[in-house]
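Taking it in order: structure first as structure tokens, then the write-up.
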Amino acid sequence: MKQICIILLAILCAANTYARVFTVSQLTYKTLSANEVELIGGEEDLKSIHIKPTVIYDDRIFRVIRIGERAFWKNHSLTFITIPNTVTEIGESAFYFCYNLTSITIGNNVKKIGDSAFASCESLTSVTIPNSVTEIGDFAFAGCSKLASITIPDSVMSIGDHAFASCENLTSVTIPNSITKIERGAFDGCSKLNSITIPNS
């Protein structure tokens with residue numbers, strides 16, 4: 001019994017080592033492993049955020065590999081964001097209803113843009129999705145009413161349910177050969193869309 005308790009205590013201590021939350025330069029992170037973190041939030045008055053690929057805390061260097069779910073949910077001050085190449089995933093609703101966000105730079109290793117990641121970012125005018133992205137989640141850019149252009153790279157395999165719904169200023173879309181599935185309502189409510197290229201695939 002004593003041995004079992006010791007083992008359980010060791011497991012709990014190990015888990016706690018990797019589940020720490022800390023703040024550096026107005027941005028809050030959560031550890032995912034001994035050397036990796038996800039960005040889970042920031043101060044509400046931040047207007048421009050340049051996420052660094054690594055962050056130092058407690059004399060240790062951590063790689064920033066993920067933007068967490070609802071990290072900047074309804075941050076109305078945010079106008080610009082740069083996501084580094086170390087990030088592989090943008091979590092669900094990460095920038096939902098950041099209605100003053102006008103510009104984003106997405107790093108070249110992001111594989112997944114989560115559900116509603118940029119939904120209702122009403123001031124966003126253009127987005128370049130990097131060649132690393134394979135999946136655009138449900139409602140990912142829905143309600144981005146000023147979005148006039150979108151570049152979908154050859155790496156993308158699926159476009160989620162209502163991914164670009166109500167992008168009222170979107171005029172043209174070119175879908176690459178890599179796409180195998182476009183979910184329902186992907187371009188629903190895109191009232192100015194007058195040109196769409198669908199590939200042989």
Side-chain angles (χ1 to χ4, degrees), residues 1-119 121 124 127-138 140-141 153 155-157 160:
M1 183 68 179
K2 184 178 180 181
Q3 188 177 4
I4 292 172
C5 289
I6 291 171
I7 292 170
L8 288 173
L9 184 62
I11 292 170
L12 287 171
C13 288
N16 287 335
T17 300
Y18 300 136
R20 301 173 69 182
V21 174
F22 60 89
T23 301
V24 175
S25 299
Q26 296 183 289
L27 297 176
T28 303
Y29 303 86
K30 183 175 75 174
T31 54
L32 300 174
S33 70
N35 59 4
E36 295 175 332
V37 294
E38 70 172 337
L39 177 58
I40 61 171
E43 298 292 332
E44 290 185 2
D45 61 346
L46 287 173
K47 293 183 178 180
S48 179
I49 300 175
H50 177 73
I51 302 170
K52 294 181 179 179
T54 60
V55 60
I56 299 174
Y57 176 73
D58 200 18
D59 295 325
R60 293 166 65 186
I61 299 174
F62 295 92
R63 291 175 70 246
V64 182
I65 65 164
R66 188 175 187 272
I67 310 298
E69 294 181 6
R70 300 189 179 192
F72 297 94
W73 166 278
K74 296 184 179 180
N75 185 326
H76 298 158
S77 299
L78 190 61
T79 60
F80 177 80
I81 182 88
T82 300
I83 298 170
N85 291 336
T86 53
V87 171
T88 59
E89 182 179 348
I90 300 172
E92 181 178 329
S93 300
F95 299 95
Y96 172 77
F97 205 41
C98 293
Y99 61 66
N100 283 311
L101 183 64
T102 59
S103 177
I104 54 173
T105 300
I106 301 174
N108 291 325
N109 282 312
V110 171
K111 293 179 174 61
K112 181 180 179 181
I113 298 174
D115 296 349
S116 301
F118 297 97
C121 290
L124 199 59
V127 174
T128 299
I129 298 171
N131 286 322
S132 55
V133 172
T134 60
E135 180 182 348
I136 299 172
D138 298 346
F141 295 93
S155 58
V156 175
M157 298 178 67

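This structure is a prediction, so every number in the text was calculated from the model and none was measured.
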inquiry  = Within the structure provided, determine whether Phe22 and Thr31 are in side-chain contact (heavy-atom separation under 4.5 Å).
reply    = yes

request  = State the SG-CD1 distance between Cys98 and Ile81, to the nearest 0.5 angstrom.
outcome  = 8.5 Å

ask   = Counting only N and O atoms by type, is there a donor-acceptor contact under 3.5 Å from the side chain of Asn85 to the main-chain atoms of Asn109?
value = no

request  = Nearest 0.5 Å please: distance from the CD1 atom of Ile67 over to the CD1 atom of Ile83.
outcome  = 5.0 Å

inquiry  = Using side-chain heavy atoms (C-beta onward) and a distance below 4.5 Å, is Ile129 in contact with Phe141?
reply    = yes

task = Without swapping roles, check the side chain of Thr82 against the backbone of Thr105 for a donor-acceptor pair under 3.5 Å.
result = no

ask   = How far apart are the closest heavy atoms of Ala94 and Gly68, and which atoms are they?
value = CB-O, 3.7 Å

task = Drop me the distance from Lys47's NZ to Leu78's CG, to the nearest 0.5 angstrom.
result = 11.0 Å

message = Can you confirm whether Ile51 sits close enough to Ile49 that some side-chain heavy atom of one is under 4.5 Å from a side-chain heavy atom of the other?
response = yes

request  = Among Tyr96, Phe97, Phe95, find the residue that satisfies the ring-ring contact (aromatic ring centres under 6.0 Å, His included) test when tested with Phe118.
outcome  = Phe95

ask   = Does some side-chain heavy atom of Val87 sit less than 4.5 Å from a side-chain heavy atom of Val64?
value = yes

query = Would you call Thr86 and Glu36 a side-chain contact if the rule is heavy atoms closer than 4.5 Å?
reply = no

query = Donor-acceptor pair, Thr88 side chain versus Ile65 backbone, under 3.5 Å?
reply = yes

Glu44, CD: over 12 other non-hydrogen atoms inside 6.0 angstrom = no

query = Looking at Pro153 and Pro130, what are the two nearest heavy atoms and their distance?
reply = CG-O, 3.1 Å

remark   = Residues Gly91 and Ala117: closest non-hydrogen pair is O-CB, 3.9 Å

remark   = Heavy atoms of Lys30 and Val21 approach each other most closely as CG-CG2, 4.0 Å

ask   = Of the non-hydrogen atoms in Leu39 and Tyr29, which two are nearest, and what is the gap between them?
value = CD1-CE2, 3.8 Å

Gap between atom CG of Asn35 and atom CZ of Arg60 - 0.5 Å precision = 8.0 Å

query = Would you say the side chain of Phe72 lies within less than 4.5 Å of the side chain of Leu27, judging by non-hydrogen atoms?
reply = yes

request  = Measure the shortest side-chain to side-chain distance between His76 and Tyr99 over non-hydrogen atoms and say whether it is less than 4.5 angstrom.
outcome  = yes

Gap separating the CD atom of Glu89 from the NZ atom of Lys111, nearest 0.5 angstrom = 10.5 Å

query = About how many Å separate CD of Glu38 and OG of Ser33, when rounded to the nearest 0.5 Å?
reply = 11.0 Å

request  = Apply the test side chain to side chain donor-acceptor pair (under 3.5 Å) to residues Thr23 and Thr28: give CA-CA distance (whole Å), side-chain angles for both, the deciding distance (0.1 Å), then the verdict.
outcome  = CA-CA 4 Å; Thr23 301; Thr28 303; 3.0 Å; yes

